[in-house]
Visitor: 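Below: one structure in structure tokens.
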Amino acid sequence: MIHFNPDTRTFNLVLQSSVYAMQVDAKGRLLHLAWGPRPVAVDELLSGRLRPTLSDHASFEFQTRRDEILTFGDTTNHEVTLKANFTALPDPLPAGDAPHLPIRDVRLRYVSHEIVTDAQPGFAPTHGLPTQNGEPRETLRIKLDDPVQPLVVTLCYRLTPAQDIIERWLELENRGDEPIEIEQLFFAALHLPNGTTELTSVSGAWAQEFQTQRERLPIGRRIIEHRSVQTGHAANPFFMLNWPGQAWEAHGTVYFGALAYSGSWQLGFEQLPSSDVRVHGGYHPTDFGLTLAAGAQYKTLALICGVCDEGWGGVSRRLHAFTCERILPVPNLAVADVPAAPPTVLAGLSLNEETTAVEESGTVKRPATAAGRPASAHYRPILYNSWEATYFGITEQNQVELAQKAAAVGVEMFCLDDGWFGGRRFDVAGLGDWTVSPDVFPNGLEPLIAEVNRLGMDFGLWVEPEMVNPDSDLYRAHPEWVLHFPGRPRTEARCQLILDFGREEVVAYIFNALDSLLAQYNIAFIKWDMNRNVSEPGSVVGKAIWQAHVAGVYGIIDRLRAKYPHVAFESCAGGGGRVDLGILGRTDQVWTSDNTDALDRLRIQEGFSLAYPVRVMTAWVTHEKNHQTGRFHELSTRFDVAMRGALGIGASLNGLDDAELKEYASYIAFYKRIRHIVQGGDLYRLERLEEAGASTILYVLPDGSEAVYSVVVHSHKLGQFRRMVPLRGLIPSATYEILDRFEKVRLTATGYELMVQGMGGDEDCRSGYSCTLHIRRLEAGD
Ligand code: GLA
């Protein structure tokens with residue numbers, strides 16, 4: 001609910017369990033009043049009064065006023081949201097003023113406000129696919145203008161009350177005749193209570209994404225950022241902030257935020273000497289430039305933020321629900337029927353206990369029927385990806401063999417990875433030439449796809465559309481189509497350069513290449529990869545390339561999704577280098593990390609789950625001896641870790657014997673029984689790695705009827721006992737049975753027992769010990 005009191009000119013944004021308040025002061029400035037969990041009922045809240053906090057101090061610290069938008073000129077000692085240059089002198093020029101230009105000062109005053117239900121931030125998806133929850137949401141638009149210069153700025157606040165989330169963005173308009181240069185632009189500034197200085201964020205690197213870090217903010221600024229045209233491995237644009245030591249998984253007031261943007265971004269956390277805490281998030285200021293032409297309008301993307309009183313776990317569950325309900329597109333599976341196939345029998349072995357259902361009509365609907373769930377739930381199908389099995393050594397024959405084995409163990413989608421196109425026999429050539437290589441597939445892709453479909457699986461294809469190898473037909477024809485500066489070197493990384501998506505003809509070329517593939521082949525899944533950071537960002541659109549590149553990527557995916565609404569997309573950038581709430585608006589899942597070592601994955605996945613729902617977290621079971629780390633892990637550890645997300649298989653099934661394949665089939669059948677809980681339940685981190693050396697998580701369906709308990713020991717110390725871990729989210733009075741993967745009942749207990757006494761106390765404490773259990777409510781009479 002959005003409430004405006006015209007007497008006090010106060011705005012109250014009232015959400016499920018939090019409130020955000022602002023006020024227009026006597027000078028017309030929009031000031032922040034408060035943001036936090038709300039202790040009172042709505043009526044009391046609206047009749048209550050809030051005082052403006054620190055204002056216009058007459059001291060060295062005179063810039064502590066909590067403007068909802070901080071503008072350069074007015075604020076110079078601290079970080080600002082907006083910095084603009086005006087090239088026109090005021091007319092008349094006040095007496096005594098010198099005619100310096102440009103004028104680098106913006107003052108914004110309240111003009112009007114409105115509440116609308118159809119507002120969208122910049123770069124909103126245009127694919128037209130629905131989200132799970134399409135209920136309209138209220139957006140407060142507060143218009144401010146500069147009394148002297150022709151700049152109008154509208155501050156937007158879209159409310160999702162159920163998750164205590166506010167999406168904030170800015171809209172700019174130049175009402176003058178001269179262009180206005182925008183030198184710095186964040187999407188919003190957040191004012192937090194003084195002393196909210198314990199920051200949780202993730203850092204990382206290729207193969208080590210999402211490493212959780214917790215620290216105290218210094219006085220001054222702490223920046224997390226990435227300067228490229230994807231989100232990055234080294235940091236991810238989300239944060240949590242709380243009073244030091246006052247929050248934990250299950251309790252405490254925690255502020256949070258995330259950028260819905262996949263480009264060059266920055267989140268700045270600023271603690272003033274006064275102990276005021278501000279967060280600034282949006283476009284990275286380095287090399288930023290935006291010319292607002294006369295009459296032009298511009299809209300930023302959103303900084304998504306919120307606060308809750310239920311600890312870090314409460315933040316995660318809010319972000320997960322928000323992402324699943326409001327951000328992820330729902331693919332139109334009704335058009336995804338594939339030709340029928342007989343249930344897979346391999347060398348006399350019928351491996352897949354729950355093989356894909358074949359309908360009499362002669363089509364296989366999946367994942368709807370395969371998962372036994374309604375299509376609207378769109379749980380992610382079980383994927384086979386052949387990258388680690390065959391790398392660049394692909395042939396039609398070895399892919400067909402892999403597909404047959406994959407189908408036999410119960411896989412639902414087969415994805416052919418890198419190396420199928422152009423001259424791409426290794427990573428030195430071929431990117432840019434998106435036609436099937438006759439050297440690898442002399443008969444085209446049709447025979448492989450036909451076989452995959454006959455086996456009852458969907459077919460997926462890897463692409464890396466933003467890139468070109470200099471050794472490619474595309475580059476030979478258009479060397480000018482890459483990011484570069486005239487006369488300057490072009491630095492290659494992984495032997496590739498980045499296409500200039502500032503050029504319309506380049507975006508059109510890539511769209512057409514992918515469109516042709518989707519039109520020609522029965523493709524149900526695209527793995528969209530991106531394997532290098534930017535250098536020499538020279539483009540025909542100048543500094544605007546930072547946003548233009550992202551707009552190009554978003555636009556191509558949106559257009560493809562509109563045209564092929566049944567096709568699902570995975571975002572990949574050398575692993576988890578492009579994971580954020582912007583790309584998730586047009587993709588169904590993400591490749592979490594190129595590191596598939598089960599124990600490394602535990603930490604990566606725990607950090608990932610702080611902000612992102614595990615439904616989108618692709619997790620493969622790979623080889624016993626891990627290809628990245630060289631460590632050995634049992635199959636149980638590999639499956640128990642991968643079953644924590646959207647399960648995939650990446651191991652070479654061609655190298656496994658029948659007994660091992662049967663084990664795979666058994667795990668996959670188990671995953672199909674618990675998938676709706678893992679992908680559709682609320683996540684509780686019961687034991688975190690940093691405290692316990694083990695990770696125990698619980699997924700619980702919102703109605704408390706079913707849960708999945710998963711424990712994996714990372715580095716328990718010999719001689720210590722594993723503790724009992726109280727469960728959460730169950731119905732105390734209900735009786736539950738706890739089943740293992742063979743559907744054997746291990747325990748029957750009430751929700752009360754499970755939540756008070758807990759589970760665990762495992763005897764086996766060695767590193768790599770793991771267990772996944774299905775908890776199911778018994779109906780009366782069972
Ligand atoms: C990236 C991806 C991998 C694989 C390779 C192919 O590293 O993250 O999964 O697709 O590219 O070159």
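Below, all heavy atoms of this structure are taken into account, side chains as well, without hydrogens, waters or symmetry copies. These numbers come from a predicted model, not from an experiment.
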Visitor: Is the terminal nitrogen or CZ of R424 (NZ for Lys, CZ for Arg) located under 6.0 angstrom from the six-membered ring centre of F392 and within 45° of that ring's axis?
Guide: no
Visitor: What orientation do H478 and W481 show, parallel under 30°, tilted 30 to 60°, or perpendicular over 60°?
Guide: parallel
Visitor: Under a 4.0 Å N-O cut-off, is there an ion pair linking D558 with R561?
Guide: no
Visitor: Just to verify, what does C324 make a side-chain contact (heavy atoms from CB on, under 4.5 Å) with, not counting sequence neighbours?
Guide: L328, P613, R615
Visitor: Going by ring pair (Phe, Tyr, Trp, His ring centres under 6.0 Å), name the pairs with one or both residues in residues 576-602, residues two or more places apart or in two chains.
Guide: W591-W620
Visitor: Between R380 and Q589, is a side chain to side chain donor-acceptor pair (under 3.5 Å) present by the stated rule, with each step listed?
Guide: CA-CA 8 Å; R380 300 309 308 144; Q589 59 194 64; 2.6 Å; yes
Visitor: So, using side chain to side chain donor-acceptor pair (under 3.5 Å) as the criterion, who are the partners of R425 when residues are at least two apart?
Guide: S437
Visitor: Does NZ or CZ of R586 fall inside the cone over Y554's six-membered ring, less than 6.0 Å from its centre and within 45° of the axis?
Guide: yes
Visitor: Run the numbers on D580 and T231 for side chain to side chain donor-acceptor pair (under 3.5 Å), then give the verdict.
Guide: CA-CA 7 Å; D580 61 78; T231 330; 2.6 Å; yes
Visitor: Specify whether W462 and F421 have parallel, tilted or perpendicular ring planes, treating 30° as the upper limit for parallel and 60° as the lower limit for perpendicular.
Guide: parallel
Visitor: Over 60° means perpendicular and under 30° means parallel, so classify the ring planes of H627 and H623, tilted if in between.
Guide: parallel
Visitor: Is the F501 ring parallel, tilted or perpendicular to the H549 ring (thresholds 30°, 60°)?
Guide: parallel
